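Before any comments, here is the structure.
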Protein chains: 2
Amino acid sequence: MATGAETQAPRRRSDATRAAILEAARERFASDGYERATVRSIAHDAAIDPSMVMRYFGSKEGLFAAVVDVELDFPDLAGTDPGSVGVVLVRHFLDLWERDGVLRTLLRVGMTNSAGADRLRDVFRSQLVPAARSFGHPDAERRAALVASQVLGMAVVRYVLRLEPAAALSHDEVVAWLAPTVQRYLTAEEP
Amino acid sequence: MATGAETQAPRRRSDATRAAILEAARERFASDGYERATVRSIAHDAAIDPSMVMRYFGSKEGLFAAVVDVELDFPDLAGTDPGSVGVVLVRHFLDLWERDGVLRTLLRVGMTNSAGADRLRDVFRSQLVPAARSFGHPDAERRAALVASQVLGMAVVRYVLRLEPAAALSHDEVVAWLAPTVQRYLTAEEP
DNA sequence: AGTGTAGGCCAACACCCGTTGACTTCTTCG
DNA sequence: CGAAGAAGTCAACGGGTGTTGGCCTACACT
C-alpha cells in the first residue's frame, strides 16, 4: 500500500512534522510495544503536541497503521541460483531487520496487538510464501512457515530479547549458520 | 526457586483462592500480554475481588513473578545418545510449550516487559546453555543461542502468531523438520 | 457461646491514558 | 497590508488502571 503523497513534491510545511511523528512512533513502538508507547511520549519525542498526532493520523491505531504501512520489497528468488538461496535470503533478512525499525516494530507489536499480528501474517503470505513457491514443492506454505520460524526466531533472540551470544554474532556468522537451515527448509525433498 | 508452601500440607483455606488467581493470571498474561492483562480482569476470572490479588501477591509485578516462577526441568542431555539429541530436545520443547501456559506467557510478556525478558534469559542461561555444554564445543553459548532462535521462532509462529501452516503441523512433523537443525547447531564441527 | 483472626468485599484514591474542541500563531497570497 | 487558512497549543473530558484502607463475614479454638 504505502499511501501516496511522496509522489508529489513535499512542499507542505506539515510534512516535516508528519515525518517526525512517524519516526518517533516507529522507535517508540519498536522499543516499548504498542501499549507502553503512549501518544504523549511519541508527541514528546517529536517535539509537538499530542493533539497533532490525532490531527494527522486520526487515532493511535491509525498512527500504528501508518508506521507499519511500508513496502518490504523482497528479492525475487526466481532468478537466483537455487544452491545459494539460503545465503541470499538470510542476508536480505538481516538487512531488512537492521535498515529501519519497521520489522522490529512489527515483531514486537505483533506479539500483543492483533493489528500487528495481522500485518505480520500479511507479510508472510504476500512475500515469503510466493518466494517459497519458486522451488516447485506442493507444500510451499509449510516450507515458508519453517523459514519464518527460523528467521523470526533469530530476530527475537537478537533484537528483542537481546540474548548476548546471539546479539554478538556477526552478519557472516548468522548467514553461515542459518543459510543451510533455510536452504534445507526450502529445497529438501523431505525432512 | 518456586517459593515453598507446597512442602507443608495445604490446609489453609486461602490456598484454593491463591491457586485460582495464579491460573487466571497465567491465562490472561499468555493471551493478552502484560499490559492488557489487567488485575481487574484476572480477579474477575478467578471470581474474587481485585484487592485480593494485592493481598496475596503485593502488586501486579509480584503476581507476574509468581506466575513465572516455576521449574522447567529440562532433560539431562548428558545421558542421551548424541545422535538423537535433536529429536529429544525438540520433542521436549513441544511438550513444554503445550503442557501449561507458562512458557507461552513468558514469550509473550518477554517481548514488552523487562521482567519477562529477564526471566526468559534466565531460562536460557540456566537450562539451555548447560545442555549445550555436553558436546564439548568451546562456543556452547553460541550453539545454545542458535537452538533458542529456532525453537523460540517455532513457538512464535505456532502459538503466538498462529501462522496457519505452522500451527497445523503435527508434533511428528515439527520434530522431523526441526530436529536435524537443532542437532546440527549443537554437534556440527563448523557451520 | 464467645472471641480472635484470617479471608473477602466495597468504595475510593490518584494517576495516566486517548481523544476533543476552542483558541492562538504563523504563512501565504490577493 | 490584510484576510484566509493551515499549523500548532492548551486545557479539559471521560474512562480505565494499579493500589489502598476500612468494613463485614465466617471459621477455629478455648
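Letters go in sequence order (proteins before strands), and every chain restarts at 1. Since we're looking at a predicted model, the values are computed, not measured.
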For residues 124-132 of chain A, run the donor-acceptor check on the side chains, cut-off 3.5 Å, and write out each pair with its distance to 0.1 Å, sequence neighbours left out.
from, atom 1, to, atom 2, distance (Å)
Ser126(A), OG, Asp122(A), O, 2.9

For nucleotides 18-25 of chain C, tabulate all protein N/O to nucleotide N/O atom pairs closer than 3.5 Å, reporting atom names and distance.
from, atom 1, to, atom 2, distance (Å)
dG18(C), OP1, Val39(A), N, 3.3
dG18(C), OP1, Lys60(A), NZ, 3.0
dG18(C), OP2, Val39(A), N, 3.0
dG18(C), N7, Arg40(A), NH1, 2.5
dG18(C), O6, Arg40(A), NH2, 2.9
dT19(C), OP2, Lys60(A), N, 2.8

Value in whole Å for how far the P atom of dC10(D) lies from CD1 of Ile48(A): 12 Å
Heavy atoms under 4.0 Å, any strand shown: does Tyr56(A) hit a base, just sugar-phosphate, or nothing? sugar-phosphate
How many whole angstroms separate atom CG of Asp32(B) from atom C1' of dG16(D)? 15 Å
Show your working on salt bridge (charged side-chain N to carboxylate O under 4.0 Å, His left out) between Arg143(B) and Asp139(B) and close with a plain yes or no. CA-CA 6 Å; Arg143(B) 303 306 185 117; Asp139(B) 57 347; 2.9 Å; yes
Taking CE from Met52(A) and P from dA6(D), how many angstroms apart are they, rounded to a whole number? 13 Å
By side chain to side chain donor-acceptor pair (under 3.5 Å), which residues pair with Ser51(A), not counting sequence neighbours? Asp49(A)
Between dC17(C) (P) and Arg28(A) (CZ): distance, integer Å: 10 Å
Going by side chain to side chain donor-acceptor pair (under 3.5 Å), name the residues that satisfy it together with Ser170(A), two or more places apart in sequence or in a different chain. Glu173(A)
With sequence neighbours left out, the residues meeting side chain to side chain donor-acceptor pair (under 3.5 Å) with Arg104(A) are none
If you take any heavy atom closer than 4.0 Å to DNA chain D, which residues from residues 18-27 of chain B end up in contact? none
For residues 148-165 of chain B, the salt bridge (Lys or Arg N to Asp or Glu O under 4.0 Å) pairs (sequence neighbours left out) are Glu98(B)-Arg158(B)
Suppose the criterion is ring pair (Phe, Tyr, Trp, His ring centres under 6.0 Å): which pairs have a residue in residues 128-151 of chain A, not counting sequence neighbours? none
What is the distance, rounded to the nearest whole Å, between atom NE2 of His44(A) and atom P of dT9(D)? 13 Å
Residues 52-65 of chain A vs side chain to side chain donor-acceptor pair (under 3.5 Å), sequence neighbours excluded, gives none
